[in-house]
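Everything below concerns the one structure shown next.
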Protein chains: 2
Amino acid sequence: MTDPRVEALADILVQHSTEVGPGDLVVIDGTANAQPLLMACYRRVLAAGGHPRLNVGFEEAQEVFLSEANDDQLEFLDPIAKFQADSIQVAIRIRASENTRALANVDPSRLAKTMIARRPVMDQIIENVRWVLCDYPTNALAQEAEMSLSEYADFLYGATNIDWSEMTARLASLKTRLEAGSDVRIVGPDTDLTLRTAGRIWEPADGKKNMPDGEIFTAPIEDSVNGRVRYEFPAIYQGRQVDGISLTFKDGLIVEATAERGDDFLNAILDTDPGARRLGEIGIGTNEGIQRHTKNILFDEKMGGTVHLAVGRAYEFTGGKNQSAVHWDMVKDLRTDAALYLDGELLQENGVFVE
Amino acid sequence: MTDPRVEALADILVQHSTEVGPGDLVVIDGTANAQPLLMACYRRVLAAGGHPRLNVGFEEAQEVFLSEANDDQLEFLDPIAKFQADSIQVAIRIRASENTRALANVDPSRLAKTMIARRPVMDQIIENVRWVLCDYPTNALAQEAEMSLSEYADFLYGATNIDWSEMTARLASLKTRLEAGSDVRIVGPDTDLTLRTAGRIWEPADGKKNMPDGEIFTAPIEDSVNGRVRYEFPAIYQGRQVDGISLTFKDGLIVEATAERGDDFLNAILDTDPGARRLGEIGIGTNEGIQRHTKNILFDEKMGGTVHLAVGRAYEFTGGKNQSAVHWDMVKDLRTDAALYLDGELLQENGVFVE
């Protein structure tokens, strides 16, 4: 008997996230160790009248490929993968990492070659396919989060198996409120940051692309960011962890960046290109089912009572203009001695929205 | 550390069976429980300069599909599967059954619908792709063969990990000898059968399509089969087992068919269509690594010291003309008190070729 929470999550992915209907060609993609959730999705796509296509792989194949492939192989665009992306209506992708550090020693330039080669496939899926990305509980994710597998499964399903129509309604109301305002201020210990969002689109994220989800985000006006922010949670980028980051902004530019651990790496990333020293995103986490930081950005940035600020590239559909090769989300806890203001009025106090 | 026999088998599949070379697009297909062999093939395809594409599935998905799909879904030809078949140079398929009877209660007419719908994919692979089919040891196969998993793995690798270039040479010589003759006689306990093969092509099977392999086969001239054959081994068709079959032929037609167990099923299959009561194939097993019948035709028909006679459809490339929806291989042991004659001269005695 499968965990009933797996069945409930499959319902959410097939019905709420991707709205599979009769005749839809649906790729269900993942690694073999996610079999219960992959099979539960498979059955539900069948029940919805779609054509499910299981595309299972092994996590170890990626590391083998990146370690052993020659340049022709790294730069190969598989025509079948492209045809598949062009043919499907829906893609459901389940991640179930068996080792979150499996690529720690891979040459990043080799990884970059494959990403560039496969870009047409990614672009086609992101632009023209109804897709969702979801994690499945594993010991590797539990280990990263410093939990047992059973505790981690409770944590994960507590974040995914919630009332998403209620979330949709709540985010729609928050979008109206945020777009009516123009000045955001974030206040907390060692933190007082102001930025403008006037005229920008706030995008509600209610489980259509990410699972779990629950955030609303936009891009701040590029030169409007001023003040300082200190992050209590570690920030992870390219599998490396930086602790105790403090950033000081002047007219949009980061003029000082320090970290208690990983300071050199932090500044190296911020020096990647001019856009990497500016903010590309401000997001407000709205998933109250997530109350712990687990070093997995899919979850951390959705945490209720937090905001996240990303240095680097902005999403253009928000109206943001900042360009960069970097997009690094850093999550700021607002649940203790903190507040969020919109046009000088209290929007959230200690992580709780003020009605 | 992977079983070194897995590594050796992967070498055979990638080098001998499918001859993967630079730029070949190679689908490696199988179920997740064959991961060690699938990954070993993946690495070898990379090393050979090919582009490996892992296409993993779950055995349970087939049963779920056949039980739960509606007619539109059963009759759907997946355009991605067709494009894939049209695009690849090589297909390596690994079977690793977890339950050889998983489809025992599936409606055969539903299975037939999917087979018909997917026929263009199968045809394209069989006609235009370098393909090989191989089994991976599992408890289900071991159980069917009445062995432990460890014994079964010894049995399987003993059949697959042999000197295939020696087999190629041996079968080439046997082909010359057989095609120079015209009358075959099979003699043993309760058995004396004659048939003509004059002008027919004897096809050597040396590990290019099946693994294990080791047989040479043709189609007898349709009305030339006379006499009687009794089978010591059980014969399996559509997952059903028939024991103690005796067949009597007159001018090519089976005029009497009896079995100690499964007589009704045997005669029902022979009554499928007119061609089902005639022979479509005679094959001589030449794999001395296979000395046990394991109720798996991929192995049983290759067993050294046996012949197999298939009722029903002939392979046209041998010159055979018999048409039927049926092709049922039945394996006849010739290792005890038995002989095989070609044009009246002893070809094999008690399973051993006479030089």
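All chains are named by letter (A, B, ...) in the order of the sequence lines, taking the proteins before the strands, and each is independently numbered beginning at 1. What's counted below: heavy atoms across the whole structure, side chains too, no hydrogens, waters or symmetry copies.
- Between A:Leu74 atom CG and A:Leu111 atom CG the span is 9.5 Å, to the nearest 0.5 Å.
- With a threshold of 4.5 angstrom between heavy atoms, A:Leu46 approaches chain B through its backbone and through its side chain.
- Atom CD1 of B:Ile116 sits about 13.0 Å away from atom CG of B:Leu77, to the nearest 0.5 Å.
- Across every non-hydrogen atom of A:Ile125 and A:Ala91, the tightest pair is CG2-CB, 4.5 Å.
- Put simply, of A:Ala61, A:Ala69, A:Ala81, the one with the most heavy-atom pairs under 4.5 Å next to chain B is A:Ala61.
- If you tally non-hydrogen atom pairs under 4.5 Å between each of B:Gly57, B:Gly49, B:Pro52, B:Pro22 and chain A, the highest count goes to B:Gly49.
- No side-chain heavy atom of B:Pro212 sits less than 4.5 Å from a side-chain heavy atom of B:Ile162.
- With values rounded to the nearest 0.5 angstrom, A:Leu13 atom CG is found 6.0 Å from A:Ile92 atom CD1.
- Note that the CG atom of B:Leu141 and the CG atom of B:Leu149 stand 9.5 Å from one another [nearest 0.5 Å].
- In this structure, the separation between CG on A:Leu37 and SG on A:Cys134 is 5.5 Å, given to the nearest 0.5 Å.
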Scan chain A against chain B and return every donor-acceptor pair whose distance is under 3.5 Å.
from    : atom 1 : to      : atom 2 : distance (Å)
A:Gln35 : NE2    : B:Glu60 : OE2    : 2.7
A:Arg43 : NE     : B:Glu68 : OE1    : 3.4
A:Arg43 : NE     : B:Glu68 : OE2    : 3.2
A:Arg43 : NH2    : B:Glu68 : OE2    : 2.3
A:Leu46 : O      : B:Gln73 : NE2    : 2.9
A:Gly50 : O      : B:Gln73 : NE2    : 2.7
A:Arg53 : NH1    : B:Asp78 : OD2    : 2.7
A:Val56 : N      : B:Val56 : O      : 3.3
A:Val56 : O      : B:Val56 : N      : 3.3
A:Glu60 : OE2    : B:Gln35 : NE2    : 2.8
A:Glu68 : OE1    : B:Arg43 : NE     : 3.4
A:Glu68 : OE2    : B:Arg43 : NE     : 3.1
A:Glu68 : OE2    : B:Arg43 : NH2    : 2.3
A:Gln73 : NE2    : B:Leu46 : O      : 2.9
A:Gln73 : NE2    : B:Gly50 : O      : 2.7
A:Asp78 : OD2    : B:Arg53 : NH1    : 2.7

